[in-house]
Novice: 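Can you read through this structure? Questions will come right after.
Only a predicted model underlies this, so the values are computations on that prediction, with no experimental measurement involved. We use all heavy atoms of the structure for the numbers below, so side chains are in, but hydrogens, waters and symmetry mates are not.
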Amino acid sequence: MGNVIALANQKGGVGKTTTALNLACYLASAGYRTLLIDLDPQGNATSSLGVAKRELQASTYDVLLNDVTVESAVLRMIRPGLDLLAANKELAGAEKELNDLTRPHHRLARAIESVQQRYDVTVIDCPPSMGLLTLNGMTASDSVIIPVQCEYLALEGLAEIFNTIELVQQRLNPNLRILGLLMTMFDSRTRLALDVVKDVHRLNPRRMFNALIPRSVRLAEAPSHGMSIFEYDPASRGADAYRLFGAEVIQRLGLDSQSASQSVSLSAEDGRKTA
């Protein structure tokens, strides 16, 4: 069975979608069959890959609530080796509608069972909340990656998400584990960012990834062009940081380390051709 990873944080604006998108693109370019699931009603992961949300024939909403199969809903080869289960604003009503169903927390887990063996890694971009959609993502996953913004308010939110994960482990998915904490929007020029990284490391030394994702204009610009950072500016600090992060994820998952040493070769021109 393939590895399923949820990107989750109840706080918005921490780089969760940027991380999900670039991790999925990195894994695909490293030779792993990868599925990216957009579980956020904003559909930012979908539009960040250049997919028109209004033109979707089927979406994550249809998979969760209309019994459409993942196999028929997925958009294939959005990038070489990368498939996408896209989302749009229809998903906004899913929280209420899921409550009316039997075992609402397991809808996504059941849906991806039929295709899980097709992919080496499935990356789930959860919404910035701890509602039914995020719980579906965690219930369907083997592990969770928590992006943490380099500010003190983010530290307060860590306790909440740890508690949520513990409840999911107890009631819904006993096999769920925390794969790691990823520090995002890091600015080495500020004492605040350095202090937050030290504090998170002191409290969670084994969980932290070594990669520090920088605060970067290039990372912020890439989604507006429908590209990953590897396509938009492969020589940028953001691209280098996500390469390091992707290699760490491969190592922690126990996947073939030989592929992890390959550099990401996607160019901006390749991205335009496949978008």
Side-chain angles (χ1 to χ4, degrees), residues 4-28 34-98 107-108 111-112 115 119 121-137 140-141 147 218-232 242 266 268 270-275:
V4 184
I5 307 170
L7 275 290
N9 193 319
Q10 75 279 5
K11 189 176 185 299
V14 299
K16 179 177 53 59
T17 296
T18 298
T19 298
L21 163 71
N22 287 299
L23 174 61
C25 287
Y26 177 86
L27 292 169
T34 305
L35 172 64
L36 175 60
I37 297 178
D38 192 346
L39 201 57
D40 189 341
Q42 298 176 86
N44 288 338
T46 298
S47 58
S48 294
L49 283 169
V51 175
K53 293 181 285 188
R54 294 181 179 179
E55 298 176 8
L56 295 176
Q57 299 299 311
S59 67
T60 311
Y61 174 88
D62 297 299
V63 170
L64 290 174
L65 290 153
N66 293 334
D67 293 322
V68 173
T69 64
V70 173
E71 186 173 8
S72 62
V74 76
L75 301 176
R76 302 195 185 282
M77 296 297 285
I78 293 296
R79 300 293 189 275
L82 176 63
D83 292 351
L84 171 68
L85 181 56
N88 55 26
K89 63 181 181 180
E90 286 186 351
L91 197 56
E95 294 273 355
K96 183 178 183 301
E97 294 176 65
L98 283 168
R107 297 288 292 184
L108 183 61
I112 66 175
V115 299
Y119 300 103
V121 185
T122 297
V123 178
I124 304 174
D125 181 30
C126 298
S129 69
M130 285 298 147
L132 266 175
L133 289 175
T134 295
L135 293 177
N136 259 272
S141 296
R218 306 303 276 173
L219 280 173
E221 290 174 344
S224 66
H225 295 271
M227 297 180 185
S228 71
I229 190 59
F230 309 118
E231 300 160 331
Y232 185 65
Y242 273 116
L266 285 172
D270 292 334
R272 294 189 188 100
K273 290 178 180 178
T274 56

Novice: I'd like to know if the side chain of Glu95 reaches the main chain of Leu133, judged simply by a donor and an acceptor atom lying under 3.5 Å from each other, with no hydrogens or angles considered.
Specialist: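 The answer is yes, because a donor-acceptor pair under 3.5 Å joins these two groups.
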Novice: Would you please name every residue forming a side chain to side chain contact (heavy atoms under 4.5 Å, CB included) with Thr18, sequence neighbours left out?
Specialist: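 Residues passing side chain to side chain contact (heavy atoms under 4.5 Å, CB included) with Thr18: Asn22, Leu219, Tyr242.
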Novice: Work out which heavy atom in Ala87 is nearest to a heavy atom in Leu91; give both atom names and the distance.
Specialist: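 Nearest heavy atoms, Ala87 then Leu91: CB-CD2, 4.0 Å.
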Novice: Answer whether the closest heavy-atom distance between the side chains of Leu98 and Asn136 falls below 4.5 Å.
Specialist: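 SC-SC contact between Leu98 and Asn136 confirmed.
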Novice: Quick one: are Leu35 and Val123 in side-chain contact, heavy atoms under 4.5 Å?
Specialist: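 A side-chain contact is absent here, since even the closest heavy-atom pair is not under 4.5 Å.
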Novice: Apply side-chain hydrogen bond (donor to acceptor under 3.5 Å, both in side chains) to residues Asn44 and Thr17 and explain how you reach the verdict.
Specialist: CA-CA 7 Å; Asn44 288 338; Thr17 296; 5.0 Å; no
Novice: So, does Thr134 use its side chain to make a donor-acceptor pair with the main chain of Pro127 at under 3.5 Å?
Specialist: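 Judged by distance alone, yes, a pair lies under 3.5 Å.
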Novice: Check whether any side-chain N or O of Lys53 sits under 3.5 Å from a backbone N or O of Gln42 as a donor-acceptor pair, and report yes or no.
Specialist: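 A pair under 3.5 Å: yes.
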Novice: What are the two closest heavy atoms between Asp62 and Gln57, and how far apart are they?
Specialist: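 Smallest interatomic distance, heavy atoms only, reads OD2-O, 4.5 Å.
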Novice: Given side chains that start at C-beta, do those of Thr69 and Val63 come closer than 4.5 Å, heavy atoms only?
Specialist: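 Side-chain contact under 4.5 Å: no.
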Novice: For the residue pair Leu108 and Leu64, establish whether any side-chain heavy-atom pair is separated by less than 4.5 Å.
Specialist: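 Leu108 reaches Leu64 side chain to side chain.
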Novice: So, for Ala45 and Asp38, which heavy atoms are closest and what is the spacing to 0.1 Å?
Specialist: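 Heavy atoms only, the tightest pair is N-OD2, 3.4 Å.
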Novice: Do Ser48 side-chain atoms and Gly226 backbone N/O form a donor-acceptor pair below 3.5 Å?
Specialist: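 No.
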Novice: Mind listing the closest non-hydrogen atom pair of Cys25 and Leu82 along with its distance?
Specialist: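 Shortest heavy-atom contact: SG-CD2, 3.9 Å.
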Novice: Under 3.5 Å, side chain of Asp125 to main-chain N/O of Ala20, donor-acceptor pair present?
Specialist: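 Flag not set: sc Asp125 to bb Ala20 has no pair under 3.5 Å.
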Novice: Give me the one residue out of Val68, Val74, Val70 that meets side-chain contact (heavy atoms from CB on, under 4.5 Å) with Ser72.
Specialist: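 Answer after filtering Val68, Val74, Val70: Val68.
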Novice: Which pair of non-hydrogen atoms, one from Ala140 and one from Val4, has the smallest distance, and what is that distance?
Specialist: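 Smallest interatomic distance, heavy atoms only, reads O-CG1, 3.5 Å.
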Novice: Tell me, yes or no, whether the heavy-atom count around Arg54 atom CZ, taken from other residues, nucleotides or ligands under 6.0 Å, exceeds 12.
Specialist: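 Open.
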Novice: May I ask you to decide whether Arg107 forms a salt bridge with Asp67, counting only side-chain N to carboxylate O separations under 4.0 Å?
Specialist: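 Yes.
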Novice: For residues Tyr61 and Asn88, is any side-chain donor paired with an opposing acceptor at under 3.5 Å?
Specialist: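 Their side chains do not contain a donor-acceptor pair, so the 3.5 Å distance test is not met.
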Novice: Any idea which heavy atoms bring Ser228 and Leu21 closest together, and the distance?
Specialist: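 So the two residues come closest at CA-CD2, 4.5 Å.
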Novice: Do the side chains of Leu56 and Val51 get nearer than 4.5 Å, heavy atoms only?
Specialist: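 Yes - at least one pair of side-chain heavy atoms lies under 4.5 Å apart.
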Novice: Between Asp83 (side chain) and Met77 (backbone), is there a donor-acceptor pair under 3.5 Å?
Specialist: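 Answer holds: yes.
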